Amino acid sequence: MRVLLVTSEAHPLAKSGGLADVSSALPAALRNLGIDARILLPGYPQAITRLKQPRLGKRLQPMLGISDAMLIAGELPHSGVPVWAVHSPSLFIRSGGLYQDKDGRDWHDNALRFAFLSHAAVEIGREGIEGWVPDVIHANDWHAGLVPLLLSMRPTPRPACVFTIHNLAFQGNFPLEAMPALGIPDQWLGADGIEFYGQASFLKAGIQYSDRITTVSPTYAREALTAAYGCGFDGILRRRSDAFSGILNGIDTEQWDPSCDPHLPQPYRVRDISGKRVCKAAVQREFGLAVDSDTPVIGYVSRLAHQKMTDVVIESLPAIADMGAQVAILGQGDRNYEAALKDAATSHSGVIGVRVGYDEPLAHLLQAGSDMLLAPARYEPCGLTQLYAMRYGTVPLVRRTGGLADTVIDVSPATISARTATGFTFDAIAPHGLLSAVTRALALYREPLAWRRLQQQGMSADFSWNTRALDYVELYRDVTGLAAFRSEDLPTRTKKRESIAAE
Ligand code: ADP
């Protein structure tokens, strides 16, 4: 089975958040299962530079006023997953962010940039490339939301289409008048089409016209159907609820492995975590904190955003400092939050350390050198940082919502004795909620044996893609009616299933 994963980012080519991690790790896991999965993404400058074995590929048909676009073929470093980058200098070669300019303003032509990505995907879907034609196009988030609509517009044989929602708050809403020039005629712009509160929504296009819709955790899939979490899409999703499900994200257990992570001063593993103390001292130095192995370090690595409860974290910092813990923060995002965090670091020198910016190696070090990780969120489709934390023996403190609720098992007498506890959860979107989890965590931290067991449980949990990728395979099989595996692949699959069962 051939699957084309269409995405706006994939680690390490281009990354702004968890979507990039999923977009590189899922196809790698699918390929291990015998699925011929490949990636299509925009040819940002850094993506083209980082591609392994880049070579010029097919010239794309002139469309949407762009006549110089072509594909650059290559591979993901590390995993070797085949990649096509859409190379169009006017759309993607510019300095700034993936979606925004240097001042944090959305690029004025985002509708055109990502409509073009979708048209390119559909061209591959219909005509193939060097004899390779996908059976399934797996479109991700609003950036690829037009793919299923464009496929539906011509009822010729076409690949099946799965659409995955990584965050309902990002909707790709643009003026309706702009759509005809993007290849979407008026007949698709009504309320039963992609119209959404007076605009055209690429996210709605993805939901309305794909064969199946997924999101990235079972709890978020349920929450998305409610007015409180649906971001205006709850009714639209309820109408498609037969085709909608949640599949929990996994993590790349090779990229995120404390026993061989090149970003750590000393590796460690579940049986001997002594290296974690060396990492902790490195974090304390990096963030300007007093170097002391007994003082608990609480990490926070996150987009600085309302979703991530950064405002509540900022409000809670003085109280956390009063409890005798240190806080190390790595993040970027909302400029007001960035400024407030810097102020907190200045007024709590040596106790609160803040690094504003995006720094992948430092994110790894922070996960390894912290004792606890704050991962609060008003809503969280899946969340990856709490999974990385557990793998690194760092105990997560999370709000009980979405994928956080699905992955972190709260400490209680019952879960401690059953040896299933992995972290601390809370409910209130307010400092008292977050601080209740911090208080409980700091109390258990003073019981080294119990703490050690908690770390071990997190480190031993299986958050790999192995089992979750199989759920996607089942889905692809459902939408195509194809046997997912050619007969010669069957032994591989059987072996995988057996090894997963054995684990
Ligand atoms: P989201 O995708 O909503 O931002 P996730 O928890 O799913 O949240 O994924 C966040 C990803 O981005 C993780 O890989 C995390 O390590 C990374 N990340 C977030 N902020 C930073 C930062 N400032 N520097 C480096 N990595 C970051």
Side-chain angles (χ1 to χ4, degrees), residues 7-26 97-100 140-143 164-170 215-217 219-220 229 231 247-258 261 263-264 283 286-287 299-310 313 328-335 337-338 341-342 353-370 373-392 394 396-399 401-408 423 463 465 468:
T7 179
S8 60
E9 41 187 280
H11 178 74
L13 307 181
K15 173 168 171 175
S16 78
L19 172 63
D21 294 5
V22 172
S23 297
S24 59
L26 172 60
L98 306 183
Y99 316 115
Q100 294 173 330
N140 290 272
D141 268 354
W142 72 263
H143 318 94
T164 295
I165 301 165
H166 297 261
N167 192 332
L168 277 170
F170 301 127
T215 189
V216 289
S217 71
T219 295
Y220 189 63
Y229 286 90
C231 297
I247 299 177
L248 200 58
N249 278 338
I251 60 172
D252 184 327
T253 49
E254 286 174 19
Q255 295 278 318
W256 291 89
D257 182 351
D261 188 330
H263 305 303
L264 310 190
V283 163
E286 280 288 334
F287 285 83
Y300 179 62
V301 49
S302 182
R303 281 187 291 117
L304 305 178
H306 186 253
Q307 176 197 345
K308 304 289 184 179
M309 283 174 59
T310 308
V313 171
I329 295 172
L330 168 62
Q332 69 176 13
D334 187 303
R335 301 289 148 95
Y337 295 151
E338 291 179 356
L341 286 169
K342 284 182 184 162
V354 172
R355 190 72 72 83
V356 169
Y358 190 91
D359 187 333
E360 186 81 18
L362 192 57
H364 283 243
L365 178 65
L366 189 59
Q367 288 284 10
S370 302
L373 183 88
L374 282 182
R378 285 184 163 81
Y379 66 91
E380 188 56 86
C382 179
L384 296 175
T385 58
Q386 82 281 9
L387 303 179
Y388 299 143
M390 287 185 269
R391 185 151 168 82
Y392 280 63
T394 299
L397 278 52
V398 305
R399 185 164 167 266
T401 184
L404 300 172
D406 288 340
T407 54
V408 177
F463 297 118
W465 270 105
R468 286 117 192 224

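Along the sequence shown, residues carry numbers from 1. First listed ligand is number 1; within each ligand, the first listed atom is number 1. A quick note: this is a predicted structure, and the numbers were derived from the prediction, not measured.
- For the atom pair CG (Leu19) and OG (Ser8), the distance works out to 5.0 Å, reported to the nearest 0.5 Å.
- Take Asn167 and apply the side chain to side chain contact (heavy atoms under 4.5 Å, CB included) test, not counting sequence neighbours, and it matches Ala169, Phe170, Tyr220, Arg303, Gln307, Tyr379, Pro381.
- Using modelled atom types, one finds a donor on one side chain and an acceptor on the other under 3.5 Å when comparing His166 with Asn140.
- Side-chain contact check for Tyr300 and Thr310: at least one donor-acceptor pair (N or O, by modelled atom type) lies under 3.5 Å.
- Dense packing is recorded around CD of Glu360, with more than 12 heavy atoms of other residues, nucleotides or ligands lying under 6.0 Å away.
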Can you list every pair where an N/O of ligand 1 is under 3.5 Å from an N/O on the protein?
unit_1   : atom_1 : unit_2 : atom_2 : d
ligand 1 : 2 (O)  : Gly18  : N      : 2.7
ligand 1 : 3 (O)  : Arg303 : NH2    : 2.7
ligand 1 : 3 (O)  : Lys308 : NZ     : 2.9
ligand 1 : 4 (O)  : Arg303 : NE     : 2.8
ligand 1 : 6 (O)  : Leu384 : N      : 2.9
ligand 1 : 6 (O)  : Thr385 : N      : 3.4
ligand 1 : 7 (O)  : Leu384 : N      : 3.4
ligand 1 : 8 (O)  : Lys308 : NZ     : 3.0
ligand 1 : 9 (O)  : Gly18  : N      : 3.2
ligand 1 : 14 (O) : Lys15  : NZ     : 2.9
ligand 1 : 14 (O) : Asp21  : OD2    : 2.8
ligand 1 : 23 (N) : Gly357 : O      : 2.8
ligand 1 : 24 (N) : Asp359 : N      : 3.0

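- With a 4.5 Å cut-off on side-chain heavy atoms, Gln386 and Glu380 do not count as touching.
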